[in-house]
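Note sheet for the following structure.
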Amino acid sequence: MIGLFDSGHGGLTIFRGLLRRFPDLEFVYLGDHANAPYGNRDSVEIVDLTRAGVEQLYARGCKLVVLACNTASAVACRTLQQDWLPAGGYEGHNILGVVAPMVEAATQTPWAVTSPQYPQKYNADTIAVFATTRTVSSGVYSEEIRKRCPRVTIAEQACADLAGAIEQGRARADLDAMVAGYVGELLTRTKGRAPERAILGCTHFPLIEDLFVQHLPASTRLLSQPDVVADSLEDYLTRHPHFGGKKGDDAAPRLLTTGEPERVAQSLEVFWSEPGAFERVG
Ligand code: DGL
């Protein structure tokens with residue numbers, strides 16, 4: 001069984017992508033609604049909350065957990081993989097994040113390659129990243145892209161209020177105006193230059209991908225996080241097939257929450273139209 005962890009609802013966009021790609025595999029999703037959102041929290045809190053979520057999923061029998069949250073992946077993934085997992089007695093377990101697949105897709109360079117490749121690809125390119133405030137301030141997208149493609153220009157845009165506005169189901173006209181504003185700020189910083197590629201580095205943004213397409217220059221290619229993460233997991237499971245346990249014939253996806261299931265259900269429809277209700281954990 002593979003676990004997915006997110007701060008709340010947003011990771012359901014990634015979950016849907018994985019269910020489409022792996023209809024036979026067993027997944028369980030945990031949303032930390034009691035502590036959402038993570039996007040404006042400090043790093044120590046995010047690491048602690050993410051570790052607690054991963055522990056819950058391990059305790060339920062998941063050997064592999066995907067952090068289906070950009071903020072948790074940006075801030076906590078490396079620390080948990082490198083420091084906590086080896087010290088915690090979790091042999092045979094692993095954690096993957098959603099930042100690494102996006103960096104691989106944006107640079108066309110495998111994660112294992114951490115130095116520039118020659119001849120340099122994409123030297124003159126500009127890569128845009130739209131994300132929460134904490135993901136942008138972590139600097140992880142820039143750092144990891146630059147390791148592989150040091151001469152690309154990276155323009156990161158913190159979209160402080162956008163995830164919350166999507167979650168509240170705000171009117172499309174409001175979301176449209178917000179996206180126009182964030183894209184406009186980013187293009188001012190690139191001095192009007194169209195980015196070759198754009199990463200929507202927040203789980204909520206695929207829900208309004210069309211608004212980003214509308215406001216970004218037509219030549220900018222958007223990297224779709226649910227698809228890119230599904231590609232990456234497919235590749236990982238080819239190399240580590242024992243993590244991919246099969247589900248029962250008519251088993252519905254399991255949804256867990258640290259919050260109040262009734263409250264959580266109220267804003268669920270923005271993210272999830274499939275069957276299934278959240279059960280409380282913790
Ligand atoms: N899931 C978060 C992310 O992808 C967005 C919501 C939050 O701030 O917790 O960054």
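As the structure lists them, so they are numbered: ligands from 1, and atoms in each ligand from 1. Atoms considered below: every heavy atom in the structure, side chains included; atoms not considered: hydrogens, waters and symmetry mates.
- In this pair, H240 and H242 present their aromatic rings perpendicular. The plane angle is above 60°, beyond the 30 to 60° band.
- The side-chain contact (heavy atoms from CB on, under 4.5 Å) check on S224 picks up E209, P226, D227, with sequence neighbours excluded.
- L256 belongs to a hydrophobic cluster with M1, F5, V28, L30, Y38, I46, V47, L49, V54, L57, Y58, V65, L67, V75, L80, W84, L85, Y90, I95, V281, counting contacts under 4.5 Å between side-chain heavy atoms of Ile, Leu, Val, Met, Phe, Trp and Tyr, direct or through other members.
- Using a 4.5 Å cut-off on side-chain heavy atoms (C-beta onward), T126 and I154 make no contact.
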Going by atom type alone, with no hydrogens or angles, which donor-acceptor pairs under 3.5 Å involve a side-chain atom of residues 174-184 and a protein atom two or more places apart or on another chain?
unit_1: D174; atom_1: OD2; unit_2: R170; atom_2: NE; d: 3.4
unit_1: D176; atom_1: OD1; unit_2: H215; atom_2: NE2; d: 2.8
unit_1: Y182; atom_1: OH; unit_2: A160; atom_2: N; d: 3.4
unit_1: Y182; atom_1: OH; unit_2: D161; atom_2: N; d: 3.2

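- Heavy-atom neighbours of R189 CZ from other residues, nucleotides or ligands within 6.0 Å: above the threshold of 12.
- Within 4.0 Å of ligand 1, contacts by protein heavy atoms are made from D6, S7, P37, Y38, G39, C69, N70, T71, T132, C202, T203, H204.
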